[in-house]
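Keep in mind that the numbers below use all heavy atoms, side chains included, and drop hydrogens, waters and symmetry copies. Proteins get letters first, then strands, A, B, ... in listed order; numbering begins at 1 in each.
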Amino acid sequence: MAVEVKVPTILRTYTGGDKAVPGSGGTLGEVFDDLDSRHPGIKERVVDGGDLRRFVNVYVNDEDVRFTGGLDTSLSDGDTVVILPAVAGG
Amino acid sequence: MLTVDPEIAAAIIAHARRDHPDEACGVVAGPAGSDQAIRHVPMLNAAMSPTFYEFDSAELLRLYQDLEARDEEPVVIYHSHTATKAYPSRTDIALAQEPGAHYVLVSTADGAHEGDGPLPLRSYRIVDGEVTEEEVRVGEPAGSDRTE
């Protein structure tokens, strides 16, 4: 599945400054593996072990993937994946 | 230095007082690359906590879609401390993920949530765990043709 991944400012060091990059995979986890093959290091900033990092939000077609299966969320051609760092503190 | 419009400063302080004793949070957006904080967007603190804030996930997505559509950036990211001073906590520093933003803090501790006068806003850059305080000027933006 070919998808578009929107990259937040803080991760654009991995994409040469690009705000959006193409990705492919049948699940969100596969897309991050695919991205990491071309933008080494980006996956580790989003995924910790087998899960999304607590303070990174990922959306597929505007749905927070925490409610759609996390890294197992399945994707279709043309889907849009948005990565946004949480805005949080104490 | 950060310049904040007096009306926006007052709105941030009012928001902090309204949500006390929970922390209040939000952004002030401005045109991308301008470093001018001109559009106040109060956000929900999904944590609804006196010691933690986190933008609501769905609202966060709408905010960033809106910023992109308007070609804006989150120039200021603000929140309140309701029992401590207006200095970034260890959590604030660990979780800061917008290196271009001015992180603004206002404290409503020690009775400051009462009354309706001004409270000091303090502003910081937080980059790679390093905190640098900067001056805050409450006034019209430089280059504005509005009179003070």
Side-chain angles (χ1 to χ4, degrees), chain A residues 3-23 28 31-32 35 39 41-48 51-71 73 75 78-90, chain B residues 22-27 32-33 41 43-47 49-65 67-68 71 73-84 86-101 103-105 124 126-128 131:
Chain A
V3 300
E4 179 186 47
V5 182
K6 296 199 170 185
V7 180
T9 308
I10 198 163
L11 297 184
R12 288 178 199 157
T13 49
Y14 297 97
T15 61
D18 287 349
K19 294 180 177 183
V21 293
L28 188 61
V31 166
F32 287 134
L35 281 188
H39 310 287
I42 196 168
K43 178 185 170 188
E44 200 251 328
R45 297 292 300 272
V46 180
V47 176
D48 182 20
D51 274 315
L52 286 171
R53 288 188 178 276
R54 163 70 180 84
F55 291 106
V56 176
N57 296 338
V58 179
Y59 309 83
V60 172
N61 301 337
D62 297 354
E63 283 273 358
D64 187 328
V65 299
R66 286 201 170 81
F67 306 113
T68 61
L71 293 173
T73 300
L75 299 173
D79 281 351
T80 301
V81 176
V82 175
I83 306 170
L84 284 179
V87 180
Chain B
D22 288 346
E23 295 191 3
C25 56
V27 305
V41 187
M43 299 290 287
L44 283 176
N45 177 3
S49 161
T51 56
F52 196 74
Y53 80 96
E54 180 170 8
F55 287 10
D56 174 75
S57 159
E59 208 180 46
L60 176 76
L61 177 65
R62 284 198 299 275
L63 170 71
Y64 274 80
Q65 289 173 332
L67 293 175
E68 188 181 5
D71 196 22
E73 289 170 340
V75 177
V76 165
I77 297 173
Y78 72 87
H79 75 285
S80 62
H81 282 173
T82 61
T84 57
Y87 189 85
S89 64
R90 271 184 298 176
T91 313
D92 292 334
I93 297 164
L95 297 183
Q97 296 188 86
E98 280 289 359
Y103 283 90
V104 166
L105 276 127
Y124 308 86
I126 307 177
V127 180
D128 294 333
V131 177

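Contacts of B:Ile77 with chain A are made by side-chain atoms alone, with heavy-atom separations under 4.5 Å and no backbone atom involved. In this structure, the portion of B:Tyr64 lying under 4.5 Å from any heavy atom of chain A is its side chain and not its backbone. Looking at A:Phe55, both its backbone and its side chain come within 4.5 Å of chain B, counting heavy atoms on both sides.
The choice from A:Pro85, A:Pro8, A:Ala88 that makes the most heavy-atom pairs within less than 4.5 Å of chain B is A:Ala88. No other option in B:Pro50, B:Ala46, B:Ser89, B:Ser57 has as many heavy-atom pairs under 4.5 Å with chain A as B:Ser57. Between chain A and the residues B:Thr84, B:Thr91, B:Leu61, the largest count of heavy-atom pairs under 4.5 Å involves B:Leu61.
Between A:Ala86 and B:Gln97 the shortest heavy-atom distance is O-NE2, 3.6 Å.
B:His79 contributes a side-chain N or O that, together with a main-chain N or O of A:Gly90, makes up a donor-acceptor pair within less than 3.5 Å.
Residues B:Gln65 and A:Asp62 are in side-chain contact: their nearest non-hydrogen atoms beyond the backbone lie under 4.5 Å apart. Contact annotation: the side chain of B:Cys25 never approaches that of A:Val87 to less than 4.5 Å [non-hydrogen atoms, C-beta and beyond].
Salt-bridge annotation for B:Glu68 and A:Lys6: present, with a side-chain N of the basic residue lying under 4.0 Å from a carboxylate O of the acidic one.
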Next item on the list: Mind running side chain to side chain contact (heavy atoms under 4.5 Å, CB included) on B:Leu60 and A:Tyr59 for me, showing each step along the way?
Entry: CA-CA 11 Å; B:Leu60 176 76; A:Tyr59 309 83; 3.7 Å; yes
Margin query: Show, in sequence, the C-alpha distance, side-chain angles and deciding distance for A:Thr9 and B:Glu98, and conclude whether the side chain to side chain contact (heavy atoms under 4.5 Å, CB included) test is met.
Written below: CA-CA 7 Å; A:Thr9 308; B:Glu98 280 289 359; 4.2 Å; yes
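Residue A:Glu63 places its CD atom among 12 or fewer non-hydrogen atoms of other residues, nucleotides or ligands, all under 6.0 Å distant.
One finds the CG atom of B:Asp128 at 7.5 Å from the CD1 atom of A:Ile10 (value rounded to the nearest 0.5 Å).
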